J.: 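My structure is below; once you've seen it, I'll send some questions.
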Protein chains: 2
Amino acid sequence: MVSQTRPKSTKRATIKDVAQAAGVSVTTVSNVLNGRTEAMAEDTLQRIQQTIQRLNYRPSRVARSLVTQQTATLGVIISEIDTPLFLQALNHIETIARHAEYHILLATTAEHLDDEAQIIDLLLEKQVDGIIYLSTSVYAKTDFLEDLPPSAPPVVLVNRITPFAGRFDRVNFDHLNGMAAVMDHLVQLGHRHIAHLLGPKDRASTHERLNGYRQGLARHNLPYRDNYVKSGDFEQDWRLWQESTLALVNVSPRPTAIIGANDRVAAVAMRTVQNAGLRVPQDISIVGIDNQAFCNYLNPALTSVKLPVVEAGKLAANLLLERIAGHRREIENNVLPCVLVPRESSGVAP
Amino acid sequence: MVSQTRPKSTKRATIKDVAQAAGVSVTTVSNVLNGRTEAMAEDTLQRIQQTIQRLNYRPSRVARSLVTQQTATLGVIISEIDTPLFLQALNHIETIARHAEYHILLATTAEHLDDEAQIIDLLLEKQVDGIIYLSTSVYAKTDFLEDLPPSAPPVVLVNRITPFAGRFDRVNFDHLNGMAAVMDHLVQLGHRHIAHLLGPKDRASTHERLNGYRQGLARHNLPYRDNYVKSGDFEQDWRLWQESTLALVNVSPRPTAIIGANDRVAAVAMRTVQNAGLRVPQDISIVGIDNQAFCNYLNPALTSVKLPVVEAGKLAANLLLERIAGHRREIENNVLPCVLVPRESSGVAP
DNA sequence: TTGAAAGCGGTACCAA
DNA sequence: TTGGTACCGCTTTCAA
């Protein structure tokens, strides 16, 4: 008898076990594992396959990775994972990766932005084949990115503002023109008094949007008014947003439209003005940013600006995979458009 | 000169490189990597540390994993990743894992539930130290779980209904009593005509909630009426939910309260009844399920039932880590309570 | 058509 | 206090 048929209940079977049980060499087993079966005797192949089945053998990717120097794993660093927004991207990144037979190693930096260097280190130690760096557009130190050794895997930066360009592929959002589109939309509806609830100050997107707001005003010959701009910092408590909204409602002349820092802020603003006796959009228009699913569920449905996070995730994943595969030479700096999604909460000015 | 100081710009440094450059053996380098430095000459230590720094050396976890048979990685399988709900859990799982020096290998089964066996296989090949299986409560084949070899790492099932108990730790939600709490709440407010928009039929949670609904009726001596129960299948288009809501509004006697299959369904129901000229909650109360963040942003704010996904994720992560560490012997079957979160959308019956 | 053996980058035992 | 070396499980050349 060739094999003792001892399924080794406790330890997992190795390629050697299979070879032994099937009465062949490890090389031969390795060949069938890797599909090199053209020049193989039919019954050898069968015997090996059966043995694999019988021993419930699963090749160790760890061992394989050690020799091939590839882990078939992509590191994804995500900050602000609380926001469902970027998590949608994660979903699609994973799907694309999986179709290319890659897995996702997830790391978050929700707590301390300072950890970032350390997290990168760990990903390097685990020898991921590539890294997608998906983050809030917060201004932060990114020196550690520059310090990456040449042997480091390719990196794609999504929504990441860094002072140094040129080394990594990037995918960004056109926050400025997204806001400009909102301004055009509102002005077209006859609005002349447009307010803006501002996002967190430490984010690049907040400033880009404020620029879009100002440019929109300028383009339509409308004055910029300090008291039309209040904090809608969405990392704060929603009561702050409510306060800011109430403050806006009491400014004279009263704004006929409010643009929230994001959909949540806008939703609270809508609630607030409604409870103050104003009708949306007849008395006042409300516009959000991000275009999250719940915009459709509000009453009235919230007009918003779509942030193409899903597209960004897909693009990043594909960029990374292509770079890993060795295609592509030039560094790409993609800027994705943010398009307006008009719904019921924005209407003609009173 | 001991070292040639050639930082090998293209290939990553290995332990051998460090040993050579520092003029010591690999054993010694390994010792410093693993903190076994008590009995080490001060200057040897220093020399090695400097060399590590200079060569930008990072130990390969892959090689280490091969010998230690541990990857410091947890596999997390998530289905229905679109729902922000479970992603919140992911966030917390990752954090707990990271604090224990584990990483998360993410796999989703959004597309084909049949892939599940294959995904498990891949995680086994990558030799994760443990698996968290976080899924919708869909009824599906789970034989492959039973087929897992004894050498497979520990698994924790979250919100997963399986016929066979006993082998894996589990964390589930008490959907039934969550619904019962809603019923009590509404009856207490004077409601006698309570409708329910039902979730997808293939989910265990849908049936558990329906049971809770029926038990609630029975407990308060209210009759079960077929036409008070319509589809609110949240995997369908929201227009279906709207239709179902309108149908309910036209039933005689008209329900004074509607419980949605989840918050999204409830939000659409609320919109729908409001647009039909009914006031919430004066004319009709609306209750959701899941207690997502946007409940607070609706007008009126949506009463809902909290699904403790975050707690479930944390519990699952801790259970898994403890089992990996070898503590704990008995299999746990945790059932987490779903508590009612009353807000503005539920009020006294008209 | 199949096999022997070196080696991937570490760990850990045993010696020195 | 430090070093030699077998080995983890697989791939890959080269030879048979």
Side-chain angles (χ1 to χ4, degrees), chain A residues 2 8 10-49 51-52 55-72 122 124-129 151, chain B residues 2 8 10-49 51-52 55-72 122 124-129 151:
Chain A
V2 172
K8 292 203 166 200
T10 167
K11 245 184 106 230
R12 61 184 273 170
T14 72
I15 197 173
K16 213 182 282 179
D17 297 328
V18 175
Q20 216 153 15
V24 295
S25 76
V26 290
T27 309
T28 309
V29 177
S30 174
N31 282 337
V32 351
L33 290 181
N34 293 285
R36 287 184 291 268
T37 53
E38 331 80 35
M40 192 169 289
E42 185 58 29
D43 78 309
T44 315
L45 176 58
Q46 296 249 329
R47 194 150 31 92
I48 293 175
Q49 283 174 332
T51 311
I52 287 176
L55 297 188
N56 207 340
Y57 168 71
R58 267 174 266 254
S60 159
R61 299 261 169 173
V62 173
R64 168 196 278 239
S65 291
L66 182 57
V67 26
T68 62
Q69 296 291 31
Q70 301 198 94
T71 52
L122 262 166
L124 292 183
E125 289 188 6
K126 291 222 172 169
Q127 289 181 249
V128 295
D129 296 336
S151 63
Chain B
V2 171
K8 295 205 166 198
T10 168
K11 245 183 104 233
R12 61 185 275 171
T14 73
I15 196 174
K16 213 181 282 181
D17 297 329
V18 176
Q20 217 152 15
V24 297
S25 74
V26 289
T27 306
T28 307
V29 178
S30 175
N31 282 337
V32 351
L33 290 182
N34 293 285
R36 288 184 291 268
T37 53
E38 331 77 36
M40 192 169 289
E42 185 58 29
D43 78 309
T44 315
L45 176 59
Q46 296 248 330
R47 194 148 33 92
I48 294 176
Q49 283 174 332
T51 312
I52 287 176
L55 298 188
N56 208 338
Y57 167 71
R58 267 174 267 256
S60 159
R61 298 262 169 173
V62 173
R64 168 198 277 240
S65 290
L66 182 58
V67 29
T68 62
Q69 297 290 33
Q70 301 197 95
T71 53
L122 262 165
L124 292 184
E125 288 186 8
K126 291 222 172 170
Q127 289 181 249
V128 295
D129 295 338
S151 62

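In this text, all values refer to a predicted model and were calculated from it rather than measured experimentally. A note on names: the letters A, B, ... follow the listed sequences, proteins ahead of strands, and every chain is numbered from 1.
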J.: Could you check how far CG of D17(A) sits from C1' of dC7(D), rounded to whole Å?
T.: 15 Å
J.: Applying side chain to side chain contact (heavy atoms under 4.5 Å, CB included), run through V24(A) and T51(A) and close with a yes or a no.
T.: CA-CA 11 Å; V24(A) 295; T51(A) 311; over 6 Å; no
J.: Answer with base, sugar-phosphate or nothing: what part of the nucleic acid does T44(B) contact at a heavy-atom distance below 4.0 Å?
T.: sugar-phosphate
J.: Indicate whether the side chain of S25(B) and that of T28(B) have a donor and an acceptor atom separated by less than 3.5 Å.
T.: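 Indeed, the side chains of S25(B) and T28(B) share at least one donor-acceptor pair under 3.5 Å.
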J.: Do the side chains of R61(B) and E125(A) get close enough for a salt bridge, i.e. N-O under 4.0 angstrom?
T.: yes
J.: Closest approach of Y57(B) and T14(B), non-hydrogen atoms and distance?
T.: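 What the structure gives for the nearest pair is CE1-C, 3.5 Å.
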J.: So, is T28(A) near the phosphate of dT1(C), with a side-chain N or O under 4.0 Å from OP1 or OP2?
T.: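 No, T28(A) has no side-chain N/O under 4.0 Å of OP1/OP2 on dT1(C).
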J.: Looking only at heavy atoms, what is the nearest atom pair of Q127(A) and T71(A), with distance?
T.: O-OG1, 2.7 Å
J.: What are the two closest non-hydrogen atoms of Q70(B) and D129(B), and how far apart are they?
T.: CA-OD1, 3.6 Å
J.: Using a 4.0 Å heavy-atom cut-off to protein, can you give one letter per nucleotide of nucleotides 8-16 of chain C, 5' to 3': B if the base is in contact, S if only the sugar-phosphate is, - if neither?
T.: BBBSBB---
J.: Could you state the atom-to-atom distance from CZ of R47(A) to P of dT1(C) in whole Å?
T.: 15 Å
J.: From CD of E38(A) over to P of dT1(C), roughly how many Å is that when rounded to an integer?
T.: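 The distance from CD of E38(A) to P of dT1(C) comes to 10 Å, rounded to the nearest Å.
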J.: Can you measure D43(A) atom CG to dT1(C) atom C1' for me and round it to whole angstrom units?
T.: 11 Å
